[in-house]
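Have a look at the structure below, then the notes.
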Amino acid sequence: MSRRYPRAEIICVVLTYALCAALWIFFSDRLLSWLIDEPNKIAFISIVKGWLFVIVTSLLLFQLMHRLMDPKAIAENTDKNHFGTGLHWTLLIVAVLLLGFAYSQYRSFDNQQLQLSRIQSAATHDTAWLGLFVLMTIFTVGVVFYLFRQRQRLAESQTIQRAQAERLKALGLLAAIADSSNDAIFAKDLEGRYTLFNPASERFTGKKAVDVLGLDDTVLFSPEQAEMLIANDRAVLEEGRTVTYHEELDVSNGKRTFLATKGPLFDNDNNVIGIFGISRDISELKQAEQSLRDSEERFRALVEQSLAGIYIIQDYRFLYINPAFASILGYDSTRYIIETMTVGDLISPEYREEVMVNIARLVGGSVSSISNYRFTALRRDGSPAYIEAHGSAFDYQGRPAVIGLFLDISARKAAEDALRESERRFYDIANVSADWIWETDVYGRLTYSSGGVLEMLGYTSEEVLGKTPFDFMPSDEADKLREWFVDIRAHRKSFRNIENICRKKDGHLRYILSHGTPIFDDNGRLLGFRGLDQDITERKQAELAVRQSEAFKRAILDSVNAHIAVLDKLGIVVAVNQPWRRFAKDNGLASGEAFNSVDVGVNYLEVCQRSIGPSSEGAMTARDGILAVLEGRVPVFYLEYACHSPEQQRWFMMTATPLETDEHGVVIAHTDITARKAVEETLRRQTEELEDRNQELERFNRATVGRELDMIALKQKINQLSQQLGQSPPYPLAFLDNSQQET
């Protein structure tokens, strides 16, 4: 049967059935009259049988046909039943025509020469009119029923339209949510092929929806991950309910963790047609959870391994203590304290009431925390433990409690006692010390002064407080030291051995040596300086005398024409005089490394050993001689050597004399003997000439006495020259003196 116009077909079937039933009644009455002789029975049975049959069977048929029709098709085709409405009216007109035709036939049957009785004719006539009335009644009821049904259909159509509009609106809203969601929203069919792939899914996978729809997970993920996803989808279909999974997938921005909620997807007939899913990236959440777990583990390890005692108190009993708490009080187990002891059992009697009051204040809310509270606790052996406690109020399992730290400060207390004793000793020493111990603020104003200032500057400690050290200096010295102090304060550094001049109360000047270090607070902020001053006036005077003495000795040493150098026992030059340096400059050693090769700090023995050239042999001789004096093998060493320059010929004599000090060095003196050497050379030449002339004189001596006398005179002259040079006369002419005396 066609389902295009289901309600029209039902009405058509019902009206056709009613028409056929009515025609059967008309023609079945004559049959009954043949069979039944009693007219009353025939009429009654015909009327009751026929119309009851028509009404009952028509209603039953309509109900059955209505139940056989598809409600969905009826709802979908309600707005298309205009043709069905026309068909209904056509069928009604046909039914009226058929009724008229039936009535005419009845009249024709009535006019035939059938031998019916008058009663039968009357019954038949009444039956016809009654049938016509029943048909009209059925027609009217059908029209009313039809109009009522049309109204119901119109209401149903409007309801369906509103539902469809709401559905379309919901679908649009759902699409907008899927497109704007940061979560991956997708749907798959029963084969695992994607039927929905929102933009967030595209961002995660790096693939467009057009490239994914109709394909499964194998095109998006590795085989292992795709197999895992397919297994999860299969489990959802088998269980028929929504399931949540944690899925780790390799996506476009690396390995990420997703919280995937998957459930079966149903059609309008409640048949499973696939699955839907919503995947949220919870990588950061997982990392945060892991970090939280790691932090909790670290915190737990920190608490358990902490050297400070940690406690939780509720109802004046310990709900938790860490091992350090038990260890501080000498207990091996935390459980023993928690299960058997109260807070008061661990407090010494003199502090017990005060501790309980503080706990009550925290629990009662009058204070939120108490810090640095000190009291004495009792160890397991009964000995006292000096404790510093810190506590804060908090809610534990819905009830007020106290949590805090429990620090053993016994060692600190002993250190503080020792520090106080040390400070007392410091002040005692500072007050009796001849040095001036002081402290200043950041601007240099004195905030503390020991009694040493009285002996040093003639002021009492009270007189100098609030003043600066520059107030006790001459103006030029104060200006110089103020600039220095600004730099020291800017760089926040210590200083040592800073010499300055101060004026005593009586006007005398004193030389002061200052040492100091900066003072910082706990935040690293500069508070001032702390230091010590020493009176070095006597030492400065002694140093001045020494410098004057050394200057006097240096002046004497520099005034000597000889080139003098002092070597230590290793041969290193420790001092030279100015003629030594002038000689070095005069010989081209006036700058740089060359000059330094013969100056203070150089090993003179190595210089001699490295010497090359014509003078190298003399240098090695000098080295050996100096070394012999240093080792004590000879008392004095002399060496004459030539040291010619391009401009002139020069000779020097080196004398190495031991230095009679604890260092056992040697003094080297280089004396210029060029003039002596020149005289000796002249004398040598003259001697050679004299010898030559002497030979000539001897040849002529025999000839003439006068020439002999000339020779004697020449010899006398030579003897005189030799005496001038400090040598003995080469020619013995004593007989001439005797002769002259006699003469």
Side-chain angles (χ1 to χ4, degrees), residues 70-72 75-76 163-164 166-297 300:
D70 185 5
K72 181 179 180 182
E76 292 177 352
Q164 289 178 343
E166 293 295 332
R167 185 177 181 182
L168 290 174
K169 182 178 179 181
L171 289 174
L173 180 61
L174 180 60
I177 293 173
D179 291 341
S180 61
S181 175
N182 291 325
D183 297 335
I185 301 176
F186 57 89
K188 302 178 185 177
D189 59 16
L190 294 175
E191 302 299 326
R193 296 185 294 265
Y194 283 95
T195 58
L196 173 64
F197 205 74
N198 75 329
S201 302
E202 295 178 346
R203 290 194 299 271
F204 285 132
T205 60
K207 293 183 180 293
K208 296 295 183 180
V210 294
D211 299 329
V212 176
L213 295 178
L215 302 175
D216 58 14
D217 290 309
T218 57
V219 300
L220 297 176
F221 306 105
S222 64
E224 296 80 6
Q225 294 178 356
E227 183 178 356
M228 179 265 294
L229 294 175
I230 293 171
N232 291 344
D233 297 345
R234 189 181 303 113
V236 170
L237 293 174
E238 291 175 355
E239 296 181 13
R241 62 183 181 88
T242 301
V243 184
T244 300
Y245 299 97
H246 285 83
E247 298 173 345
E248 291 188 359
L249 302 175
D250 293 324
V251 294
S252 59
N253 57 344
K255 194 175 189 67
R256 311 291 290 178
T257 301
F258 292 89
L259 181 66
T261 301
K262 299 180 179 180
L265 195 61
F266 300 94
D267 61 6
N268 292 332
D269 294 331
N270 206 30
N271 296 319
V272 177
I273 60 174
I275 67 167
F276 72 90
I278 303 175
S279 292
R280 173 167 295 180
D281 185 358
I282 59 170
S283 302
E284 286 74 13
L285 178 61
K286 294 292 287 185
Q287 293 174 358
E289 290 176 352
Q290 184 62 39
S291 299
L292 179 60
R293 286 193 295 270
D294 294 342
S295 177
E296 289 177 351
E297 291 296 331
R300 185 178 295 107

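- Atom NZ of Lys255 sits about 7.5 Å away from atom CG of Leu249, to the nearest 0.5 Å.
- Once rounded to the nearest 0.5 Å, the distance linking OG1 of Thr205 with CG of Asn253 reads 10.5 Å.
- One finds the CG atom of Leu229 at 8.0 Å from the OG atom of Ser279 (value rounded to the nearest 0.5 Å).
- For the atom pair NE2 of His246 and CG of Asn232, the computed distance is 12.0 Å after rounding to the nearest 0.5 Å.
- For Ser252 (side chain) and Arg203 (main-chain N/O), a donor-acceptor pair under 3.5 Å exists by modelled atom type.
- Nearest approach of Leu190 to Val272, heavy atoms of both residues: CD1-O, 3.8 Å.
- Residues Asn198 and Phe186 are not in side-chain contact: their nearest non-hydrogen atoms beyond the backbone lie 4.5 Å or more apart.
- The salt bridge (Lys or Arg N to Asp or Glu O under 4.0 Å) test with Arg256 singles out one residue from Glu248, Glu247, Glu284, and that residue is Glu284.
- In terms of modelled atom types and a separation under 3.5 Å, the side chain of Thr261 and the main chain of Thr244 share no donor-acceptor contact.
- For the pair Asp211 and Leu215, the tightest heavy-atom approach, listed with the atom from each and the gap, is O-CD1, 3.3 Å.
- Checked by atom type and distance alone, the side chain of Thr195 pairs as donor or acceptor with a backbone atom of Ala187 at under 3.5 Å.
- Within the structure, every pair that satisfies the ring-ring contact (aromatic ring centres under 6.0 Å, His included) test and touches residues 196-230, not counting sequence neighbours, is listed here: Tyr194-Phe197, Phe204-Phe258.
- The CG atom of Asp233 sits 12.0 Å away from atom CD of Glu191, with the distance rounded to the nearest 0.5 Å.
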Next on the checklist: Please evaluate residues Leu259 and Leu285 with respect to the criterion side-chain contact (heavy atoms from CB on, under 4.5 Å), reporting the C-alpha separation (whole Å), side-chain torsions for both, the decisive distance (0.1 Å), and the verdict.
Outcome noted: CA-CA 10 Å; Leu259 181 66; Leu285 178 61; over 6 Å; no
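- Within the 4.5 Å cutoff, no side-chain heavy atoms of Ile185 are placed close to those of Ser201.
- Scored by the side-chain hydrogen bond (donor to acceptor under 3.5 Å, both in side chains) test, Asp189 finds Arg193 as partners (sequence neighbours excluded).
- Between Asp217 and the choices Lys188, Arg234, Lys207, the salt bridge (Lys or Arg N to Asp or Glu O under 4.0 Å) rule is met once, by Lys188.
- In this structure a side-chain-to-backbone donor-acceptor pair under 3.5 Å is missing from Asp183 to Ile278.
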Checklist entry - Which is it for Glu202 and Val212 under the side-chain contact (heavy atoms from CB on, under 4.5 Å) test, yes or no, and what are the steps along the way? => result CA-CA 9 Å; Glu202 295 178 346; Val212 176; over 6 Å; no
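- Of all non-hydrogen atoms in Val219 and Asp216, the two that sit nearest each other are CG2-O, 3.1 Å.
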